[in-house]
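Here is the structure we will look at.
We're numbering straight along the sequence, starting at 1.
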Amino acid sequence: MRARSGHPALLRDIVTAELARAGAAGWSINENDSWCQVTPDAYPMPDQGWKLHVSATMLSAPVVLSCVSGILVQAGCAFKFPVGLTEYWNFLEPHCSRAQAGKFITVYPCDDAESVRLAALLDEATRGLPGPAILSDLPYRPGGIVHYRYGAFRGHRVLGNDGFYEVRLRSPAGEFVLDERRPRFSPPPFATCPFEPPPARPAAASVLLNDRFMVRQAVRHASRGGVYYADDTSTGREVVIKEGRPHACGDLRGVDAADRIAAERVRLREMASSGIVPALVDFFEQGGHAFLVEERLPGVTLQRWVHQRVGPLGDTGFGLEAARALPLVTRLVGLLRAAHERERTLGDFSPNNIMVLPDGELRLIDLEHAAAPGDIVLVGGTAGYLAPELADQVGELRPVPGESADRYSLGAMAYFCAVGGHLEPPGLARVADVATANPTLALLRPLVEGLLAAEPERRWSLDACDRFLAGLTPGQAVPGAASLPPGRTAQLTDRLIDDGLAHLVETMDVSEGSPSPWPNVTDGIEADPCSINGGAAGILGVLTLAMRTAPTGDAVAALCRWLRRRLEDEDTWRPGLYFGRSGALWALHDAATVTGDAETATFAVRAARLLPTETPSPDVTHGLAGCGMAVLHLASRSADPGLRERAERIFHNLHEARSYLDGHPQWPTPDSFDSGLAGANHFGFAHGIAGIGTALLHASRALSRPDWMATVHEIARTFTAYADVDGDTAWWPTLREEPETVRPRRPYWCSGSSGIGTFLVRYWKATGDPASLDLARKAATAVHRTRWQSGPAPCHGLPGDGEFLLDLADLTGEDRYRRWALDLAGCLELGAVDRAGRLLVPGPFGDFAPTFLGGTAGTLAFLLRLRHRHPRMWLPDDTPGLAASDRGR
């Protein structure tokens with residue numbers, strides 16, 4: 001909530017007044033974007049211990065801070081609080097992490113005894129003041145707002161296995177342990193709790209609510225409360241239960257999650273006679289929580305229903321065929337009409353809030369944002385479906401928007417039904433281009449454009465929608481599909497490249513004390529500033545590539561010096577190619593070679609001997625496959641026999657780590673590995689067997705290991721066995737054991753057709769296997785057809801997909817794949833915007849991250865290759881010369 005307190009320094013002024021009142025000298029208040037840290041001079045801040053958290057609502061926060069800060073100043077104890085109510089709303093809003101929600105004041109006692117003493121004082125001072133329960137902590141007193149947990153104060157900053165810095169705890173044995181912030185009390189095993197433990201609750205085999213509803217499954221957890229499937233013991237029927245936690249998500253009106261659940265009950269009752277909402281079964285309060293019980297509807301969400309049915313359309317399109325889309329859009333109009341006839345707006349009319357029943361009928365299943373005329377609402381909704389006049393009001397309290405805002409959402413819904421993808425910026429301007437390749441959208445285009453009008457008064461009425469739809473038939477002729485206008489890409493590519501490179505150079509800070517050349521912290525998570533993924537190495541690689549045609553040499557030399565200095569200072573060697581340090585050494589060596597910096601090139605070779613030869617992670621981005629490719633690259637460029645031997649050990653360990661499932665090889669990441677990928681078992685390139693197969697294919701040839709090549713043959717047969725061929729397209733699951741009911745339609749490099757095709761086309765080039773070439777071509781068709789559904793991120797979007805199309809063009813000599821890559825570039829260009837005089841492609845969240853896998857650098861890598869026909873970055877560079885010497889499989 002962008003709280004309008006009228007006094008942005010209100011909270012700081014409260015603490016400043018408490019310090020003055022106490023006559024406290026020698027205190028500092030240090031403020032950053034989110035927090036005010038209040039600390040006495042020379043405070044003995046522990047690294048870790050039992051910290052206190054005090055919660056509050058938006059309305060009680062100033063009072064809570066006044067009560068708490070006075071006690072803490074008297075005690076001489078350090079603490080922090082949000083810089084303003086606007087910032088505190090980030091810890092209350094409905095989508096806040098459950099483990100962080102409600103943490104208003106954090107207290108850092110100097111020892112356990114002080115923690116217990118202060119908790120008692122703070123609890124007494126805040127008794128009766130409202131605040132939500134903090135799920136990661138235990139309350140000092142049931143119903144109180146003072147909580148405690150064991151965690152890091154300063155902690156120990158460690159570069160984790162996933163390529164991000166983490167603040168860790170140190171165990172008595174000296175080991176670094178993750179400071180887990182789970183939505184439940186979970187202190188580390190070595191922490192002895194100094195607080196009197198609360199009475200133990202008997203472990204319940206099941207949960208019975210209101211003496212009637214037996215909870216079977218949690219559908220969703222959120223800071224505001226969960227959603228559950230349950231059995232109604234009085235009727236034997238299945239129900240859905242929505243929970244609202246007291247004081248959670250409380251706004252400046254004092255309306256909290258429990259109040260919103262109660263309001264949704266009112267909306268359900270008001271619309272009961274319409275037949276467009278689930279039946280209301282019960283509403284009750286238990287333990288201060290509000291519970292809304294609805295009938296459980298059969299079927300799936302509209303989003304899943306569409307995704308399960310999209311496929312190839314016409315000669316070049318992809319989406320939902322008109323025979324299915326037109327009745328669906330007609331029903332959506334009827335759904336919205338039924339709500340508006342009862343003078344109710346929906347506020348969040350989007351695919352996940354609608355259920356498609358087995359007979360095709362639709363029901364609204366989420367009325368959280370539904371409102372009546374005259375209501376004051378908290379503006380919100382689903383990105384891409386929110387009317388533009390509301391985009392700048394999200395999180396604000398406003399009079400209920402008019403019905404025209406729902407009609408804009410209807411236009412975005414019609415687009416989704418035709419295309420199978422959400423409407424990406426620039427919104428309305430995109431429709432005409434997508435319609436050239438999608439015959440269903442071509443049919444619906446007048447309606448979609450009429451509903452998406454920027455001016456609310458110009459949006460089509462529901463009557464106009466009905467008249468238009470009544471005049472359509474699924475087989476109706478539409479203008480023929482066409483490629484992007486000739487010359488458009490050529491006109492813009494040069495500027496995108498030049499402006500993108502200039503943007504990277506202009507925003508670079510490689511001064512002596514700079515912790516990162518570009519910002520590398522997102523939502524409080526700090527990425528490795530040396531990595532390809534989110535750091536200097538990926539950008540250095542692109543600037544080095546551009547040196548052939550652009551004046552980036554000075555920036556390359558400066559960035560080389562910064563990267564080498566950081567690697568020498570930190571001396572931490574995570575293995576992964578994209579998220580580890582092996583990719584940093586690859587980039588550094590290539591750049592140093594081009595700039596003639598022999599000393600730095602030698603450093604990169606020497607440092608590569610420090611990279612691990614075994615690790616539980618097998619993949620390209622984080623583990624052995626990527627590390628092996630980088631070491632082998634450096635070995636070949638430097639002719640260093642020691643590195644060649646090290647590469648052989650890495651690939652030997654990778655090969656031996658395989659296991660088998662259903663007769664096919666697999667490399668799952670162990671469940672016990674300290675990583676967010678623990679337990680992952682992927683097909684794709686970034687984390688799965690496509691990337692591992694590509695690495696082993698190269699290594700088997702470079703190191704003369706036919707036993708590894710035999711495993712590569714098995715990987716190729718795996719992709720044949722698991723391929724989902726739909727017409728002229730081919731798809732694969734993301735995960736090895738993905739349910740068959742989830743129809744995969746992912747074209748991406750990281751986990752989809754383009755990444756798997758990257759392996760298949762190289763395998764075909766090496767072996768001449770026609771089945772692999774056929775699947776690679778079908779993967780390319782899938783990539784091209786879904787270009788309008790893909791976003792701008794190189795990892796899972798157009799630049800990475802376009803690189804695969806260029807692979808096919810290079811390896812097969814078929815120019816149509818280069819033309820298809822130009823089409824993908826055209827989609828990127830459509831989304832480009834002017835930012836401070838530079839034409840840039842924004843990232844998937846509307847930002848302008850400079851990074852390789854998520855931003856400008858990865859987009860530039862694709863465009864530079866498209867323009868200058870460079871080899872693909874971060875892959876073995878012998879692919880154009882692969883000979884079919886392994887045909888005998």
Side-chain angles (χ1 to χ4, degrees), residues 532-533 538 576-579 583 617-623 625-626 629 664-667 669 677 680-698 712 715-716 718-720 722-725 729-736 738 744-765 772-773 775-787 789-811 817 820-821 824 852-854 858-859 861-862 865 872-876 879:
I532 289 176
N533 160 56
L577 178 58
Y578 286 84
F579 287 77
S617 176
D619 69 15
V620 166
T621 55
H622 293 69
M629 284 198 294
H664 297 290
Q666 61 173 1
W667 279 264
T669 304
L677 292 170
N681 193 2
H682 284 248
F683 280 100
F685 197 97
H687 309 304
I689 63 172
I692 292 169
T694 302
L696 284 174
L697 171 63
H698 175 57
V712 175
I715 292 173
T718 303
F719 288 125
T720 300
Y722 280 88
D724 173 15
V725 176
T729 62
W731 314 85
W732 287 266
T734 296
L735 300 172
R736 194 57 174 270
E738 191 168 64
R745 287 294 182 265
R746 303 175 186 92
Y748 308 129
W749 169 82
C750 59
S751 298
S753 298
S754 72
I756 292 169
T758 297
F759 163 77
L760 288 172
V761 70
R762 286 167 171 77
Y763 179 76
W764 162 77
K765 191 68 175 179
S772 293
L773 179 60
L775 285 176
R777 285 172 167 157
K778 287 182 167 64
T781 305
V783 164
H784 183 244
R785 282 179 175 271
T786 55
R787 62 195 181 278
Q789 288 86 349
S790 292
C795 177
H796 47 273
L798 294 163
D801 295 350
E803 293 271 18
F804 163 54
L805 295 177
L806 293 177
D807 286 351
L808 266 176
D810 290 345
L811 294 172
Y817 298 116
W820 286 4
L824 268 63
F852 192 89
L853 284 187
T859 299
F862 166 54
R865 185 181 177 200
R872 186 169 181 177
M873 298 183 69
W874 320 124
L875 279 176
T879 47

With sequence neighbours excluded, residues passing side chain to side chain donor-acceptor pair (under 3.5 Å) with His796: none

Report yes if some heavy atom in the side chain of Thr786 is under 4.5 Å from a heavy atom in the side chain of Arg746; otherwise report no. no

Would you say that Thr758 contacts Arg872 through its side chain, given a criterion of any heavy-atom pair below 4.5 Å between the two side chains? yes

Scanning both residues in full, the closest heavy-atom pair of Leu805 with Ala780 reads CD2-CB, 3.6 Å

Counting N and O atoms only, with roles assigned by atom type, does the side chain of Thr729 sit under 3.5 Å from a partner on the main chain of Lys778, one being a donor and the other an acceptor? no

When you measure from the side chain of Ser754 to the backbone N and O of Trp749, does any donor-acceptor pair fall under 3.5 Å? yes

Answer whether the closest heavy-atom distance between the side chains of Val712 and Phe759 falls below 4.5 Å. yes

Could you report the tightest heavy-atom contact between Gly684 and Ile756, atom names first, then the distance? CA-CG1, 4.3 Å

Donor-acceptor pair, side chain of Arg787 and main chain of His784, under 3.5 angstrom: yes

Would you mind reporting whether Phe683 and Ile689 have side-chain heavy atoms less than 4.5 Å apart? yes

Determine, stepwise, if the pair Leu775 / Trp732 fulfils side-chain contact (heavy atoms from CB on, under 4.5 Å). CA-CA 11 Å; Leu775 285 176; Trp732 287 266; 4.2 Å; yes

Would you say the ring centers of Phe685 and Trp874 fall short of 6.0 Å from each other? no

Would you mind reporting whether Trp820 and Thr781 have side-chain heavy atoms less than 4.5 Å apart? yes

Measure from the side-chain N and O atoms of Thr621 to the backbone N and O of Ala686, and report whether any donor-acceptor pair falls under 3.5 Å. yes

Is the shortest heavy-atom distance from the side chain of Pro792 to the side chain of Leu798 under 4.5 Å? no

Please examine the side chains of Asp807 and Arg762, heavy atoms only from C-beta on, and report whether any two atoms are closer than 4.5 Å. yes

Grab the two heavy atoms, one from Pro665 and one from Thr718, that are nearest each other, plus how far apart they are. CD-OG1, 3.4 Å

Grab the two heavy atoms, one from Ala730 and one from Ala782, that are nearest each other, plus how far apart they are. O-CB, 3.7 Å

